[in-house]
Amino acid sequence: MKASQTPLFTQKEDPKDAVVASHKLLSRAGYIKKQASGFYAYLPFGYIVHRKIEEIIRTKMNKYGAVETHLPVLTPAELWQVSGRWSSMGPEMMRLSDRHNVNFALGPTHEESITWLAKQYLHSYKQLPINFYQIGKKYRDEIRPRFGLIRCREFVMKDAYSFHIDDASLEETYQKMRECYREIFDECGLETLSVEADSGAMGGSGSEEFMVPSAIGEETLLLCPDNDCQYRSNQEKTMFKPQTPYSSDKSNAAAERVDTPDVKTVEEVANFLKAEKTSFIKSVIYENSSAVVLAFIPGDRDISETKLKNLSGEADLEMASPESIEKVSSAPPGFAGPFELNVKNGDEITVQGEKKNVIILYDKNLKNRGNLISGGNMADTHCINLQEARDFIIPEGEEYDLVQAKESDLCPKCGKHNLKSTKGIEVGHVFKLGKKYTEALDVSVLDAEGRPSTLTMGCYGIGVGRTLSTIVEQNYDEKGIIWPESAAPFRYYMIGISKTEEEKKEIDDLYERLIEKNISVYYDDRKERPGIKFNDADLTGFPFQITIGKNYFENKKIELKIRKTMQKSEMAFEELFS
RNA sequence: CGGGAUGUAGCGCAGCGGUAGCGCACCUGUUUUGGGAACAGGGGGUCGCUGGUUCAAAUCCAGUCAUCCCGACCA
């Protein structure tokens, strides 16, 4: 390919709306162009890279036994209604209707579609396991598109869905996909960490995310520094293990209410009562349209909203309104506590005309403790000398992990080392899905005994554009992008420097010889000064640069430069063929 | 949706009551040509949109749309 037919679209200045390196460089080097927030056009080089990454993924997926399909982007509402996601997906799903007012959604993901497909053709356990995948556009009306290709509203995803007769089979495919992903990201030149991830309200028994460590990562990871332990998890999933165990000291003093006028937060009350934050019970209250969730956790820690949502089984929880708080704690916000609470688990209350279930959750680090302090369920009042089992009861088997873990907590796996925190970009996710969709769409096959058996599923996703962008995020310098060979648009960027038409013709011929040998080369044959070409070559970032000019016409030497190291060497043109 | 900011030429910006400017890019010519050339000439903008204030609005006011940043979603 040459510049006279496929032009460069490079620019000197960063677009003003770009904040991260990959977005700036991909824009400046003429790979992508934003059309609207979260929607990007791919320019010729960008699309070549995109296709190369797709091809890496495709090759590996095929190698690991997955079969490629292609599903419609526009999906009928009916499918989503069956699974319940037509309503639960909310505004994130882009919807539209046809001329007959039939509703559709631009698929944000394709569990329903693929499950529908599986239902059409899977009838026997002998057909299993099977792993369908596709590489296609996804649409998510993200609240905040960000960082160029990292978080888009339209993006290409490789999504795979496997179907199994039992958990053992799912486990086997799940492990294969983990291996497959490792190979894919390796080949893309990305160093990934796989971390334990939240499996969300969908349930499921396991989920891992493939993370690329990066300062611009939107995920916080907690890692055990010990090489034998290797515990790694997404912070929202990390089990909390305190550095120092909470005191279990108890006294015989009875629970007592004390005046704490206008002191509300744990911080304020701790100062006021001259007590340690660790001896407090922090009460947090969330709600959605159908439930009010009270959680009690150690006073020195923050709640993990992810854990709260999973354990309560309630999605889209938000901080409770003052009305709801008053309803459950008989006091304004800031004075709730577990002692003499006037609601209990399973109660139904009415707040501003809406009926809501009360769900109460206790953190396990409050079990068997005494000398605790919490809100008194009365305005301007706190309770001291609280003792679990005496003044409030955490039911057997309901000691939950509700606390958000953080750096320097103990590793919950080995219990020996302090966790380290790092940021990561999520480029892939493997997930044991279970039966949610096969049950909803009633997908079963006959097992070996001739009995119908509902299938279990796994799903596996990779964001293609995000992977592309992440490669740049990890591989650039002050001059521009540095592509790994596997993803580069071309292997060579060839710069011709000629003073006469004859010389130009001679370089053109050399280019033709490379093309004949099927060498991946982009030829910058523009009538530009050399400096412009050198800079564009560095900016666009192909692995090698070939310069043909004065030295060739005088000594038959060309110059080869390695983009990554900037090392230059002279050689005969023919050496390119070896 | 809450908080903050910005919309002026293809890109990056200045101008902030008197009718539009700079750098880069672009076109023509000359001289240049191994790390973003110099000179000369030239083209291009109803200043996001709508309304208001004013003799006069890019500039002040209101509304609206778009974009970006910080928080809740996710590949």
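Throughout, protein chains are lettered first and strands after them, A, B, ... in sequence-line order, and every chain is numbered starting at 1. Note that the structure is predicted; figures quoted are calculated from it, not measured.
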| field | Nucleotide C74(B), atom C1' - distance to CG of Asp141(A) in whole Å | value |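 The answer, rounded to whole Å, is 13 Å.
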| said: Could you tell me the Watson-Crick or G-U partner of U19(B), where both distances fall under 3.5 Å? Say none if there is no partner. | reply: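 No nucleotide pairs with U19(B).
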| field | Partner nucleotide of U32(B) by Watson-Crick or wobble geometry (both distances under 3.5 Å) | value |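 Matched U32(B) with nothing under the 3.5 Å cut-off.
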Atom pairs under 3.5 Å, N or O on each side, protein against nucleotides 4-6 of chain B: can you list them with distances?
none

| request: Please answer whether A75(B) and Phe155(A) are stacked, defined here as ring centres separated by less than 5.5 Å and planes angled under 30°. | output: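 Yes.
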Quick check: any donor-acceptor pair below 3.5 Å linking the side-chain of [X] to the base of [N]?
X	N	value
Lys479(A)	G36(B)	no
Glu559(A)	G34(B)	yes
Asp538(A)	G35(B)	yes

[X] with [Y]: basic N within carboxylate O range, under 4.0 Å:
X	Y	answer
Asp536(A)	Arg526(A)	yes
Lys356(A)	Glu354(A)	yes
Lys158(A)	Glu54(A)	no

| said: Please report the distance separating the C1' of A56(B) from the corresponding atom of C16(B), rounded so that it comes out in whole Å. | reply: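 Those two atoms are separated by 15 Å.
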| request: Establish, yes or no, whether the cationic atom of Lys556(A) lies under 6.0 Å from the six-membered ring centre of Tyr552(A) and within 45° of the ring axis. | output: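 Checked: cation-pi criterion met.
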| field | Pairing residues for Lys505(A) by the side chain to side chain contact (heavy atoms under 4.5 Å, CB included) criterion, not counting sequence neighbours | value |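 Counting only residues at least two positions away or on another chain, Lys505(A) forms a side chain to side chain contact (heavy atoms under 4.5 Å, CB included) with Asp509(A).
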| task | Taking atom CE of Met319(A) as the centre, report whether more than 12 heavy atoms of other residues, nucleotides or ligands fall under 6.0 Å from it. | result |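 No.
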| task | For Asp14(A) and for Thr306(A), locate the closest nucleotide of RNA chain B by heavy-atom distance; then report the residue assigned to the nucleotide nearer the 5' terminus. | result |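 First, find each residue's nearest nucleotide; the 5'-ward one identifies Asp14(A).
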